[in-house]
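The structure appears below as structure tokens.
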Amino acid sequence: MTAVVPPPDTHQFKLGSCTITVVKDGANILENPWEIFGSNQAPETVQKLLAQNFLPTEKLVNSYAPAIIDTGADVIVVDTGFGAAGRARGLGRFREGLKAVGYTPEQVTVVALTHLHGDHISGLMEDGAPAFPNARYATGEIEYAFWTDKAREGTPAEGGHKAVLANVVPFAEKMTFLKEGDEIVSGMTAMLAPGHTPGHLVFHLESDGKQLVMTGDTANHYILSLGRPDWEVRFDADKAQAIKTRRRVFDLIATDRIPFLGFHMPFPAVGFVEKQPEGFRYVPKTYQFDL
Ligand SMILES: [Zn+2]
């Protein structure tokens with residue numbers, strides 16, 4: 001008997017007149033959570049918070065959630081996942097998910113990138129050719145300038161620099177470089193949310209009075225990062241700025257009770273936050289969008 005590999009998890013919901021599809025690009029296991037989240041805390045403090053939340057203390061699962069926003073006029077991909085580069089590790093399944101829900105890569109009109117890390121950009125190319133041949137592209141002006149700068153050579157950002165040269169620069173002529181408040185399509189705007197990377201963006205979508213914020217990598221663990229936004233995160237380039245941004249973005253989302261899609265939140269990666277003394281309580285989406 002041949003093993004049957006089921007299609008990747010996909011999850012669809014309506015937001016105003018948009019249809020949103022979240023695809024699980026994949027997930028992987030990371031060792032020693034305390035070395036990543038709360039890297040400036042005692043390891044026992046991090047482990048205690050995990051245990052209190054019924055989570056294993058020695059390892060964590062990190063998942064990846066690119067999304068498709070169908071406005072009726074546009075089919076927008078928000079972050080691409082790992083693409084072919086991740087497939088040997090069971091990642092890079094976004095393209096398969098996109099097809100499984102009935103889209104073709106040719107139908108994608110816009111690819112919007114919150115930032116230019118590998119898990120967000122590696123799916124831009126497929127077999128050396130554009131993965132979404134008819135799309136235009138949008139990313140942050142500051143983000144693009146940082147990663148394409150030759151000054152990254154010989155620094156810890158050199159690997160990222162090379163990945164951007166290979167995967168993003170080929171699309172420069174079709175790319176819009178976004179500044180604070182710039183519109184990607186009607187109803188979808190970019191907001192600067194730096195810290196994780198120098199020009200990291202979040203996207204705000206509004207459709208028929210309904211809102212969704214795509215927070216990218218502003219917070220990357222639903223307990224360790226949302227619950228303790230002031231803890232340092234190893235993956236954040238500027239840790240102090242990332243903390244400030246995390247506070248600001250999720251304060252706004254909590255105050256206005258806006259749902260958000262967080263790229264590394266547990267699938268389907270959509271939820272709400274409530275403000276608490278030490279941080280935010282994550283409330284995953286259930287049927288709020290079905291009524
Ligand atoms: Zn990421």
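Read the numbers this way: they start at 1 and go in the same order the structure lists the ligands and their atoms.
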Which residue, Trp147, Phe146, Phe263, forms the ring pair (Phe, Tyr, Trp, His ring centres under 6.0 Å) with His117?
Trp147

Just checking, any donor-acceptor pair under 3.5 angstrom between side chains of Gln41 and Glu232?
no

Can you check the number of protein N/O/S atoms within less than 2.8 Å of the Zn ion (ligand 1)?
4

Do Phe260 and Phe250 pass the ring-ring contact (aromatic ring centres under 6.0 Å, His included) test, and can you show the C-alpha distance, the side-chain angles, and the key distance before you say yes or no?
CA-CA 9 Å; Phe260 76 98; Phe250 286 98; 5.1 Å; yes

Within the 3.5 Å criterion, strictly below it, is a donor on Asp74 or Thr109 matched to an acceptor on the partner's side chain?
yes

SB check Glu44 Lys48 (cutoff 4.0 Å)
no

Checking Glu143 against Thr197: is there a side-chain donor and acceptor pair closer than 3.5 Å?
yes

